[in-house]
Trainee: 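If you scroll down you'll find the structure; I have some questions about it.
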Amino acid sequence: MSTQVVYQRSRGLQDVETHYCPGCHHGVIHKLIAEVLVEMDLLDSAVGVSPVGCAVLAGNYFNCDFVEAAHGRAPAVATGIKRVKPEMLVFTYQGDGDLASIGAAEIVHAAMRGERFTTIFINNAIYGMTGGQMAPTTLVGQKSTTTQAGRDPLQHGQPIRMAEMLSTLDGMAYCERVCVADMGNLHRAKRAIKKAFTLQQQGVGHTFVEFLSTCPTNWGMSPVDAGKWVLSDMAKVYPLGVVKDVPKEEKA
Amino acid sequence: MSTQVVYQRSRGLQDVETHYCPGCHHGVIHKLIAEVLVEMDLLDSAVGVSPVGCAVLAGNYFNCDFVEAAHGRAPAVATGIKRVKPEMLVFTYQGDGDLASIGAAEIVHAAMRGERFTTIFINNAIYGMTGGQMAPTTLVGQKSTTTQAGRDPLQHGQPIRMAEMLSTLDGMAYCERVCVADMGNLHRAKRAIKKAFTLQQQGVGHTFVEFLSTCPTNWGMSPVDAGKWVLSDMAKVYPLGVVKDVPKEEKA
Amino acid sequence: MKPEVIFNLDRCKGCGLCVSVCPKHILWLDETVTNIKGYHPSGISDQSKCIACGNCARICPDSVITVLKHQEEE
Amino acid sequence: MKPEVIFNLDRCKGCGLCVSVCPKHILWLDETVTNIKGYHPSGISDQSKCIACGNCARICPDSVITVLKHQEEE
Amino acid sequence: MTREVLIAGFGGQGVLAMGRTLTEAGLKEGYNVTWVPSYGPEMRGGTANCSVVISTEPIGSPVVAQPTELIAMNGPSLARFEPLVDAGGLVLVNSSQVENPACRADVRCYLVPCMEEAGKLGNFKVANMIMLGAYIQATNALKLDTLKEMLATVFTGPKAHLVALNIKALEVGASYVKEG
Amino acid sequence: MTREVLIAGFGGQGVLAMGRTLTEAGLKEGYNVTWVPSYGPEMRGGTANCSVVISTEPIGSPVVAQPTELIAMNGPSLARFEPLVDAGGLVLVNSSQVENPACRADVRCYLVPCMEEAGKLGNFKVANMIMLGAYIQATNALKLDTLKEMLATVFTGPKAHLVALNIKALEVGASYVKEG
Amino acid sequence: MSMQKELWKGNEAIAEAAIRAGCQAYFGYPITPQNEIPEYMSRRMPQAGGVFVQAESEIAAINMVYGASAVGVRAMTSSSSPGISLKQEGISYLVGANLPAVIVNMMRGGPGLGTIQPGQADYFQATRSPGHGDGHMIVLAPASIQEAVDLMWDAFALADQYLTPVMVLADGMIGQMMEPISWKRDQPLPEVDKPWAADGRDGDGKTHFVTSLRLKSADNERFVQDLAQRYRQIQENEVRYEATDCENAEIIIAAFGTTARIASTAVRQLRADGVKAGLFRPITVWPYPDQALRQLVLQDSVKAVLTVEMNLGQMHEDVRLAVRGDKPTPFYGRTGGMVPEPRDIARAAQEALQEVSE
Amino acid sequence: MSMQKELWKGNEAIAEAAIRAGCQAYFGYPITPQNEIPEYMSRRMPQAGGVFVQAESEIAAINMVYGASAVGVRAMTSSSSPGISLKQEGISYLVGANLPAVIVNMMRGGPGLGTIQPGQADYFQATRSPGHGDGHMIVLAPASIQEAVDLMWDAFALADQYLTPVMVLADGMIGQMMEPISWKRDQPLPEVDKPWAADGRDGDGKTHFVTSLRLKSADNERFVQDLAQRYRQIQENEVRYEATDCENAEIIIAAFGTTARIASTAVRQLRADGVKAGLFRPITVWPYPDQALRQLVLQDSVKAVLTVEMNLGQMHEDVRLAVRGDKPTPFYGRTGGMVPEPRDIARAAQEALQEVSE
Ligand SMILES: Cc1ncc(C[n+]2csc(CCOP(=O)(O)OP(=O)(O)O)c2C)c(N)n1
Ligand SMILES: Cc1ncc(C[n+]2csc(CCOP(=O)(O)OP(=O)(O)O)c2C)c(N)n1
Ligand code: SF4
Ligand code: SF4
Ligand code: SF4
Ligand code: SF4
Ligand code: SF4
Ligand code: SF4
Ligand SMILES: [Mg+2]
Ligand SMILES: [Mg+2]
């Protein structure tokens with residue numbers, strides 16, 4: 001009898017429990033990144049930059065080096081790292097509060113400069129870690145602890161589409177929006193990460209993968225319903241797919 | 001004999017000298033704003049927010065109230081003002097270092113929220129006040145004291161087009177890029193200011209006028225040559241004209 | 001081919017994502033069991049129906065599941 | 001109609017913008033004069049050619065120039 | 001009199017609410033009271049606990065480091081906090097959630113099968129009220145009637161029907177201690 | 001010996017460069033030296049000035065509050081700084097830029113028409129060198145030769161032809177004082 | 001005015017108190033352990049006719065406060081340690097522009113991201129250096145929710161009176177706990193005339209320019225000297241503290257905020273054990289009740305002053321400045337989010353006395 | 001190593017010294033009066049094989065430093081007062097993550113935008129509270145360009161040795177002036193082993209996680225206590241100061257940086273006038289040379305200690321802590337960008353002596 005492993009825990013992750021809530025997509029996305037790091041043989045030469053947000057402890061979960069950044073500043077920290085260690089594979093992992101709110105200037109400028117690291121952007125339309133306040137990405141009408149009657153465009157504006165906004169910058173080389181709400185999307189998401197890392201190694205500019213993710217706890221939904229809501233509601237405001245692909249456009 | 005005044009110093013300006021260098025467009029743009037304030041009878045109910053940059057003393061020059069903001073934070077200061085005094089006409093006046101670099105997060109979010117004030121954005125492709133360092137808007141190849149061999153896209157990225165980037169945000173209602181490098185453009189620029197102020201009063205969202213401006217001193221050009229360079233070089237990277245006009249689009 | 005689905009039950013948070021992606025509908029959350037974390041963990045009702053597609057394992061946020069395929073030596 | 005162009009010379013910084021926009025090319029910077037700020041101020045060579053278009057005044061960053069039109073009463 | 005109560009369990013077991021109800025009741029009876037929750041990510045999916053102090057004196061420290069009374073709604077909480085309880089103190093255990101529950105010899109201990117009893121009442125959510133009833137009965141810290149009165153003001157309008165259920169839960173819990 | 005020199009004028013008159021040349025020359029002759037520019041927006045289109053201290057002792061304060069010597073390249077600078085000059089001090093005035101130049105009675109004063117003289121040399125840019133020559137001559141603070149030597153190292157390659165011009169300018173300035 | 005006791009969570013009580021005191025605008029950004037303040041404000045402010053904006057960052061929040069205050073409106077923000085560090089430039093601007101504002105800091109354990117548990121290690125930042133330059137805030141340190149509530153009125157009043165930012169310096173414990181309070185003060189503060197506000201020109205066309213820039217050093221020095229003058233007034237008139245059982249005490253425990261309320265239990269325990277302990281609790285930690293403490297310490301009975309804090313010894317410096325070496329000044333501190341227990345404080349006091357008697 | 005004297009501008013000399021000392025990466029943002037540092041770095045760093053990035057802000061700059069340092073590279077930033085305020089959170093993170101870094105502050109007159117002229121009013125911010133939480137930086141205060149140059153080697157060495165941010169605290173005067181220097185130290189510092197650096201896993205697959213988060217208070221307290229331990233070591237081993245003419249002086253003038261060099265002229269003037277004046281100049285303002293000053297002050301001859309600063313009296317507090325009321329401690333300060341003159345300092349010293357004798 002021979003045994004084939006269809007799937008087992010990735011070597012790219014440490015053998016510890018995560019603190020994430022049941023069914024939170026943070027955990028799923030972690031796995032995909034870890035799998036790509038293993039497949040590309042990058043565990044020894046990669047360094048991740050974790051945010052302030054639910055993923056603040058990512059450095060305890062991944063099996064590669066990590067640096068924890070101040071809230072919103074991961075792109076600056078990654079810039080510091082990549083500039084002095086261009087041979088390393090550098091990626092940030094940031095939530096929507098972290099990247100799109102307090103850290104808006106840092107990501108805009110990293111993208112403008114075409115910093116050669118990869119941003120993994122977890123858009124779950126809420127501040128998870130701090131208990132469910134409105135994020136800049138919160139949908140119109142969506143309830144949060146600071147928009148208890150739902151986000152009102154007149155008061156709070158409309159959701160910010162970071163992938164589209166950042167793609168106006170010439171330094172952005174590759175930008176795709178994905179999710180892990182079903183198996184097809186999950187596979188696409190993994191390919192996007194791999195592509196971003198590969199392009200990073202080719203030094204083409206900034207690479208950016210936005211994940212539509214879930215926060216079952218603060219959305220007040222079951223994990224499965226949360227996944228459905230990503231596809232039914234979030235993806236309408238934040239269309240899935242490639243937003244920008246300069247290397248491809250150049251080839252074409 | 002009757003005497004008609006073709007042009008005299010605007011009542012919208014105080015009768016003082018400015019500290020601007022000879023021929024700097026800051027002074028010209030000040031005048032246009034002042035003229036519009038007078039024509040719209042807003043001197044008593046307007047408040048400007050000045051930046052940290054060459055225009056830091058604008059409050060000494062205009063004949064309306066002013067608040068001096070910390071570097072880059074004018075949009076936040078203006079938000080604080082407009083939210084508590086919605087009846088006032090509020091405008092910021094920011095340089096490109098101020099608005100596009102250190103203050104990138106604040107302008108992105110004011111635009112996202114559709115804050116009902118007007119941004120006057122002075123893009124002179126340089127840090128004027130501090131003596132000519134690279135700005136995010138500096139053109140590729142342009143020399144500055146921190147890019148003495150010219151801006152290099154690989155090191156410093158390519159120029160950021162704020163008007164285009166911010167126009168991806170739903171809160172941006174009206175966005176136009178103008179200049180005062182010749183009389184035709186000067187007249188168009190004044191109309192743009194007036195339109196922005198009018199739309200602000202109608203409460204349609206954020207209004208934004210980007211000026212391509214000069215810095216003869218730090219560009220090392222005569223004022224007249226600097227004006228020509230705006231038209232010949234800057235306007236190629238930053239096309240003049242309306243970038244977004246939601247009220248008009250809606251009517252159409 | 002004999003598929004095998006193995007659960008690291010103590011790590012399971014009972015989120016149900018695995019259940020939702022199983023094409024054979026053979027996974028379920030066992031409400032009668034509470035693991036040391038206080039959750040009702042996932043379980044498989046009919047191993048024989050499993051096609052070893054790996055969906056459950058791939059989506060599990062907590063890497064609870066291992067999917068194996070045992071091949072009779074020929 | 002008699003145009004009049006008046007300069008507040010002490011405020012002039014000699015930038016030349018007015019010179020560059022005058023359609024009649026009648027403005028120039030007087031290098032023989034230095035004002036209290038140390039600049040060579042602007043001046044008009046032939047007032048009679050002026051058409052009172054106001055360009056010079058409108059572009060002057062320092063509001064140095066006033067342009068008037070005197071009308072003979074009819 | 002100073003009671004320092006620590007209430008601990010899984011998130012979602014109503015541990016913080018139980019503490020708040022107790023605190024509110026203490027206030028109603030004229031005591032000095034404080035309530036402090038554990039907060040932050042450690043709550044996330046994991047455990048929750050809160051400190052309640054009920055005292056005739058001004059309350060200095062609101063943090064209960066050495067409880068006079070512990071309410072453990074699950075096994076990990078019992079394991080973590082029982083060692084801290086004052087000798088001669090009280091430990092109430094939600095025996096539905098603890099395998100082979102056992103207590104220190106030097107404390108008074110009651111096992112309350114909250115889930116089973118809540119199940120019998122047809123609503124698992126009242127498990128915490130059952131425990132609260134047991135606590136009141138075991139300590140005489142406050143009057144059961146104070147809590148009952150409070151319930152009438154908490155559940156009003158469309159939720160008024162819950163008053164009776166919760167009162168019943170308190171009584172079940174209380175009786176459990178009486179009998180146990 | 002401590003000389004505290006204040007050099008002031010319009011931006012663009014080479015005021016800061018004059019100060020730096022003087023400072024460098026002081027260093028060459030083995031003195032302790034410091035140079036401080038005025039900086040910031042007040043420079044913009046307006047005036048510029050710098051403080052130079054040349055001393056046989058360690059220099060404490062590099063800011064010249066009470067100059068022993070003032071070089072005023074324009075009228076506003078003369079008006080602003082002359083009152084600060086030490087009684088018995090020295091004032092050098094660029095008389096080309098000052099209408100009706102007049103000095104305090106208790107200071108030594110030289111009027112140097114730098115622009116006119118520079119014009120005669122065919123290059124307005126050497127006006128500051130003319131003034132520097134006058135300063136050296138009037139004070140004997142340093143040797144004119146030191147400055148001349150320096151010029152040879154400053155202007156090299158395609159700019160070498162400027163050495164002679166600048167030396168000439170120094171001499172014109174110096175002669176002005178000798179004669180004046 | 002109802003004096004009935006109500007159970008309130010610290011953060012929410014502070015938010016409600018601010019509104020009742022007359023705060024018209026709140027700008028803030030989420031951070032544990034003060035999230036209930038913006039959350040409460042988002043609900044209640046609009047009902048009260050005021051303004052709530054969730055800012056994009058702490059920096060934006062303090063600058064929104066700056067804007068609202070510059071046009072004459074009572075405004076506040078709140079945050080916790082890392083967020084307060086980000087506000088340093090903005091606070092310095094408020095000082096430089098003579099603007100009133102109220103800032104609540106629910107301190108947590110630092111440095112860096114640290115923990116979200118209570119701490120008191122921002123004492124130096126609050127009392128010594130609100131940003132760069134010579135500036136101060138009035139810093140109020142409540143030890144209970146009731147006191148925090150009451151102090152909100154003072155905070156806004158002092159800010160308006162002295163044209164200065166005022167910080168309410170509390171910690172996660174006070175923010176997160178619940179205890180009964182009564183609404184002792186229920187009247188909003190009176191409107192204050194703000195002739196300097198940039199809310200439109202005066203009738204005579206006079207403009208207002210709110211700025212902290214004074215390019216000429218002489219002007220800026222004049223401003224700083226005026227600040228110093230105001231600070232002396234504040235030091236003379238606004239010092240607040242509470243001294244309990246300090247008369248004829250043999251040991252005085254000096255502590256502020258949460259630590260002080262815990263120390264009060266320690267003092268009771270010590271007294272029960274026959275030790276004459278007293279508690280000195282500054283309510284204004286800037287201006288520090290220097291003279292009051294010194295007077296008490298100089299009593300013959302006093303053998304030592306024990307400072308207790310949740311930090312490495314920051315207020316300890318103020319105590320040492322007041323005592324000037326005239327009595328021993330031992331220190332007991334917990335750090336990094338750990339909260340001291342009464343018995344630990346009592347033990348530290350006993351040890352201090354023993355050391356003195358040796 | 002050339003000991004020939006060269007005329008250098010302070011800012012450029014400091015930048016060059018940093019490179020020669022072994023700095024591998026510079027991240028900064030323009031602000032007067034330190035613009036020549038980034039400008040010089042933009043030119044020279046790439047030539048020296050290092051990294052220069054003009055950051056989008058001071059916040060980004062300090063966080064780039066954090067990143068570079070986290071992977072084991074010697075990095076620095078520079079700014080001036082308002083920009084330093086913006087770095088407070090980042091500095092606290094450096095402390096919390098045990099990361100070496102060098103930060104130059106060319107102080108100007110505050111508060112707020114203030115002036116761009118020299119000031120010393122960031123002393124408290126630098127010495128008391130680098131951001132929130134219990135943290136310190138080693139703070140070096142040069143009084144001349146030569147000393148600033150020499151101290152750059154120390155700054156990087158101390159940062160690496162104690163895993164701490166080090167601040168070089170100077171002012172616009174030192175940044176803008178020129179004076180002759182010689183390159184006394186011309187060897188770059190040796191490479192330091194940084195086993196904690198997140199520059200890739202170790203051979204055995206061990207990962208590195210550089211973080212300042214310690215969610216469990218007990219862990220965070222352990223960290224803070226370790227910090228405190230390191231701070232005690234620094235206080236024992238790294239105190240630096242210069243005492244000139246202090247022996248048997250009747251008055252000691254205490255001053256740092258630019259003010260100290262000006263005071264040295266005042267001391268010469270006073271001595272010429274027959275007054276036995278001395279100058280005490282701390283070079284490390286944190287750790288403060290507390291014991292050294294105290295010893296000197298306790299000499300019988302000393303009648304007073306006059307503190308002179310360009311602020312409202314910040315180091316004055318350290319002097320008072322050292323003197324503990326044993327001698328009078330008058331203060332003379334200029335503020336807001338004004339630089340004191342030697343004669344003013346001399347006069348203040350005369351007045352102080354007169355007051356004592358009355
Ligand atoms: C300077 C600062 N401000 C605020 C916080 C509090 N804080 C922690 S996480 C967070 C936002 C989390 O939201 P997001 O980035 O969307 O991540 P998520 O938790 O949703 O994954 C905030 C505001 C902080 N730690 N530091
Ligand atoms: C926090 C802070 N950082 C930096 C500065 C220094 N500074 C003053 S103006 C300026 C930039 C000016 O450039 P820009 O905004 O383009 O305006 P301009 O002068 O070109 O009109 C800078 C960096 C400051 N005052 N405050
Ligand atoms: S709070 Fe939301 S984002 Fe954070 S771990 Fe829980 S579910 Fe995930
Ligand atoms: S420095 Fe440039 S932008 Fe500033 S006033 Fe002078 S020319 Fe204008
Ligand atoms: S491997 Fe596929 S079929 Fe088998 S249990 Fe998992 S999801 Fe279902
Ligand atoms: S997906 Fe994983 S954690 Fe969720 S129920 Fe299935 S096995 Fe458990
Ligand atoms: S008004 Fe017109 S024509 Fe007359 S001088 Fe001015 S620009 Fe020339
Ligand atoms: S535009 Fe104005 S400032 Fe310039 S030269 Fe003409 S008059 Fe003078
Ligand atoms: Mg989020
Ligand atoms: Mg600019």
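All values reported here derive from a predicted model rather than from experimental measurement. Just so it is clear: chains get the letters A, B, ... in the order the sequence lines come, proteins before strands, and each one is counted from 1.
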Trainee: At what distance, to the nearest 0.5 angstrom, does CG of G:Asp202 lie from CG of B:Asp65?
Mentor: 7.5 Å
Trainee: Quick check on the interface: out of B:Gln14, B:Met112, B:Glu68, who has the most heavy-atom pairs with chain G under 4.5 Å?
Mentor: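 Top option by heavy-atom pairs under 4.5 Å: B:Glu68.
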Trainee: Please determine, among B:Val52, B:Leu57, B:Val56, B:Asn63, the option with the most heavy-atom pairs under 4.5 Å with chain G.
Mentor: B:Asn63
Trainee: Give, for atom CZ of B:Phe66 and atom OG1 of G:Thr207, the distance between the pair rounded to the nearest 0.5 Å.
Mentor: 10.0 Å
Trainee: Given a strict heavy-atom distance threshold of 4.5 Å, which part of G:Ala197 is in contact with chain B: side chain, backbone, both, or neither?
Mentor: backbone
Trainee: Output the option from G:Val51, G:Val210, G:Ile62 having the highest count of non-hydrogen pairs under 4.5 Å with chain B.
Mentor: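 Heavy-atom pairs under 4.5 Å are most numerous for G:Val210.
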Trainee: Which region of B:Val67, side chain (C-beta onward) or backbone (N, CA, C, O), has a non-hydrogen atom less than 4.5 Å from a non-hydrogen atom of chain G, or is it both or neither?
Mentor: both
Trainee: Would you give me the side-chain donor-acceptor pairs under 3.5 Å for residues 84-92 of chain B, sequence neighbours excluded?
Mentor:
none

Trainee: What closest approach, in Å, do G:Asn63 and B:Ala70 show between heavy atoms, and which atom pair accounts for it?
Mentor: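 Shortest heavy-atom separation between G:Asn63 and B:Ala70 comes out as OD1-CB, 3.9 Å.
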Trainee: Under 4.5 Å, counting heavy-atom pairs only, tell me which of G:Leu213, G:Asp199, G:Val53 racks up the most with chain B.
Mentor: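 Of G:Leu213, G:Asp199, G:Val53, G:Asp199 has the most heavy-atom pairs under 4.5 Å with chain B.
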Trainee: Quick check: closest heavy atoms across G:Ala60 and B:Ala76, and the distance to 0.1 Å?
Mentor: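 Smallest interatomic distance, heavy atoms only, reads O-CB, 3.6 Å.
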Trainee: Looking only at heavy atoms, which two atoms of G:Tyr93 and B:His71 are closest? And how far apart?
Mentor: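 The pair with the smallest heavy-atom distance is OH-N, 4.2 Å.
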Trainee: Only heavy atoms, only distances under 4.5 angstrom. Which residues in residues 18-28 of chain G are near chain B?
Mentor: G:Ala25, G:Phe27
Trainee: Just checking heavy atoms, which of residues 65-75 of chain G are less than 4.5 Å from chain B?
Mentor: G:Tyr66, G:Gly67, G:Ala68, G:Ala70, G:Val71, G:Val73
Trainee: In terms of heavy-atom pairs under 4.5 Å, which option from G:Glu56, G:Lys206, G:Arg201, G:His208 contacts chain B the most?
Mentor: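 Going by pairs under 4.5 Å, I would pick G:Arg201.
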Trainee: Name, in order of residue number, those residues of residues 76-91 of chain G that have a heavy atom at a distance of less than 4.5 Å from a heavy atom in chain B; otherwise write 'none'.
Mentor: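 Counting heavy atoms that sit under 4.5 Å from chain B, the residues of residues 76-91 of chain G involved are G:Glu89.
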Trainee: For a quick test of reading the model, state the closest non-hydrogen atom pair linking G:Phe209 to B:Ser50 and the distance between them.
Mentor: CE1-OG, 4.0 Å
Trainee: When rounded to the nearest 0.5 angstrom, what is the spacing between CD in G:Gln54 and NE2 in B:His109?
Mentor: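 Going from CD on G:Gln54 over to NE2 on B:His109, the span is 10.5 Å.
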